[in-house]
Amino acid sequence: MMEHVYVESLASHVGQEVHLKGWVAGKRSSGKVRFLLLRDGTGMVQCVVTPGADSASFSLAEELPLEASVEVWGTVREDARAPGGHELSLTRVQPVHIPSEDFPIALKEHGVGFLMEHRHLWIRMRRQVPILRLRDGILWASRQFFKERGFVATESPILVGTSVEGTTTLFTLDYFGRPAYLSQSGQLYLEATCAALGKVYWIGPTFRAEKSKTRRHLTEFWMLEAEVAFLEHEGNLVLQEDLVRYIVEYAASEHAADLEALERDPRVLLDQVSEPFARVTYAEAVQLVREAGVEMEEGDDLGAPAEDAISKHFGRPVFVERFPAQIKPFYMKRAPDNPHQALCADLIGPEGYGELIGGSQRVDSEEELERQLREAGLPLEPYKWYVDLRKWGSVPHSGFGLGVERTVAWICGLAHLREAIPFPRMLDRIDP
RNA sequence: UCCCCGGUAGCUCAACUGGCAGAGCGGCUGGCUGUUAACCAGUAGGCUGGAGGUUCGAGUCCUCCCCGGGGAGCCA
């Protein structure tokens, strides 16, 4: 029995007979020469069927509809005419399952609404597969980065009893008769965990019930969060920069074929991270935004047009540091030289991909934390455990959260976050 | 929550100032020994999102509703 191989390994099987399993991704015919495009998750290969194959296989090559699942046998050949450089001279094809209805998604343009209705099938198509493979690569690179640096992968709960940032909208649910929420960030818990393990990170889903309807928002999205004891603001920025550069370099070298399939030039990405990331203070950013002709009040948060202006100005990732403490959450430490500024930074991605990372040094004194909770109008009681962290061996510590889908969208060059996750959840869209 | 755009064949879209409902793709039938979202010929396919209204006449104009898309605010 011939061994089953995957399309990605065909280059090492030239001249050999192989057995492939997959799906019909396309077919063409020119009378007595028929072409079957086979995909198996690792790649696509064109199978050539001539009357030399057995007669049942020859007619199947014409009859099999799109997305029929099949097993094929044939000889691997190098051929410049074939997409990918290799093709299979097919000797036999055996159906595994033949659909009785036409596959809803044709090899042509479709509207977004229609594609989203069929997301469970859309993810099989030629652009979607490389995106999802790159997403895996980006997450894998992140884990490798943290592993190399001695971080411990840990977890934060998804079901929580208190909100991280009182202002943001939460999904509420009934927890045995008590109100509970879906987590909008694992940060507070990571602060506790880092006092146990030193350097920690986690990658998990977070939820925002904001009624956002834009290409930059999902209601369920993944965050990569890290928290480090004894790390201060400056070191936090260096860590973030190292991580982002590591991810980009990994994607460019290990996923060159996926990037090419998306027509995303790896050199553009590598250029963007080759120099040290730009840094500006909030005050400088406001200046810059106004000079770009975007209206903005001193003291306002950066809106989407403002972020775009900053992004455009630098053409590479840029840290915006020291926001007014007033517009930032209660847990951020104030700058020692200016109590009105938070020791924080947002990392704004290039090409208008918006805020990729939000990070800060955290408040480490009990008195200060309680004061900032009060100033934010939050009740002390639910945060008692969080305040406790400052009672026993409090240390300076910092961390950040990276938006996974925004990073995937940037690296893949996507126009919309919905393609950066297998099953996006958005306002008005929870199926499939 | 607010602002803008849209809903016509399975899909993507046309249809002038209100005047016979159209094309491409996909499907089906046939042709072609190197196709690249193949090509060529033929063929089937419609409650124009829903409800009301104006009009001799509405896909087209008006009102309300439903659904989808884009953006703002907020954020990652």
**Asked** Under the 3.5 angstrom rule, does the side chain of A/K199 hit a backbone N or O of A/R149 as a donor-acceptor pair?
**Response**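 A pair under 3.5 Å: yes.
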**Message:** Donor-acceptor pair, distance only, cut-off 3.5 Å: does the side chain of A/Q372 make one with the backbone of A/M332?
**Reply:**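 Yes, A/Q372 side chain to A/M332 backbone: donor-acceptor pair under 3.5 Å.
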Shortest side-chain distance from [X], nucleotide among [options]:
| X | options | result |
| --- | --- | --- |
| A/D301 | B/A72, B/G34, B/C75 | B/C75 |
| A/R126 | B/U35, B/U1, B/A37 | B/A37 |
| A/E210 | B/C74, B/G34, B/U35 | B/C74 |
| A/V33 | B/G70, B/A76, B/U33 | B/U33 |
| A/R418 | B/C75, B/A37, B/G69 | B/G69 |
| A/D428 | B/A76, B/U35, B/G68 | B/G68 |
| A/P305 | B/A76, B/U35, B/G73 | B/G73 |
| A/D79 | B/G70, B/A76, B/G34 | B/G34 |
| A/L107 | B/A37, B/A76, B/G73 | B/A37 |
| A/S29 | B/A37, B/C32, B/C74 | B/C32 |

For nucleotides [N] and [M], find the distance between their [atom1] atoms and express it as a whole number of Å.
| N | M | atom1 | value |
| --- | --- | --- | --- |
| B/A21 | B/U48 | P | 11 Å |
| B/G73 | B/C3 | P | 16 Å |
| B/C16 | B/G22 | C1' | 15 Å |

**Prompt:** Would a line drawn from the ring center of A/F114 to the ring center of A/W122 be shorter than 6.0 Å?
**Reply:**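 No, ring centres 6.0 Å or more apart.
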**Item:** A/Y386 ring center near A/Y331 ring center (under 6.0 Å)
**Value:**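 Distance test on ring centres: not under 6.0 Å, no.
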With a 3.5 angstrom cut-off on both distances, give the Watson-Crick or G-U wobble partner of [N], or none if there isn't one.
| N | result |
| --- | --- |
| B/C74 | none |
| B/U60 | none |
| B/C25 | B/G10 |

**Asked** Reckon A/S30 touches a base, only the sugar-phosphate, or nothing at all at heavy-atom distances under 4.0 Å?
**Response**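 Result for A/S30 = base.
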Test for a donor-acceptor pair under 3.5 Å between the base of [N] and the side chain of [X], counting only N and O atoms.
| X | N | result |
| --- | --- | --- |
| A/E101 | B/G27 | no |
| A/H217 | B/C75 | yes |
| A/R406 | B/C75 | yes |
| A/S212 | B/G73 | yes |

**Request:** Decide yes or no on side-chain hydrogen bond (donor to acceptor under 3.5 Å, both in side chains) for A/E67 and A/W23, but give the supporting numbers first.
**Result:** CA-CA 5 Å; A/E67 288 304 312; A/W23 296 262; 4.7 Å; no
**Message:** Does B/G34 have its OP1 or OP2 closer than 4.0 Å to a side-chain nitrogen or oxygen of A/R34?
**Reply:**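 No, because none of the side-chain N or O atoms of A/R34 sits under 4.0 Å from OP1 or OP2 of B/G34.
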**Item:** Stacking check A/F35 vs B/G34 (5.5 Å / 30 deg)
**Value:**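 Base of B/G34: not stacked against A/F35.
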**Message:** Would A/E225 and A/S185 count as a side-chain hydrogen bond (donor to acceptor under 3.5 Å, both in side chains) here? Give the steps.
**Reply:** CA-CA 8 Å; A/E225 299 183 279; A/S185 164; 2.9 Å; yes
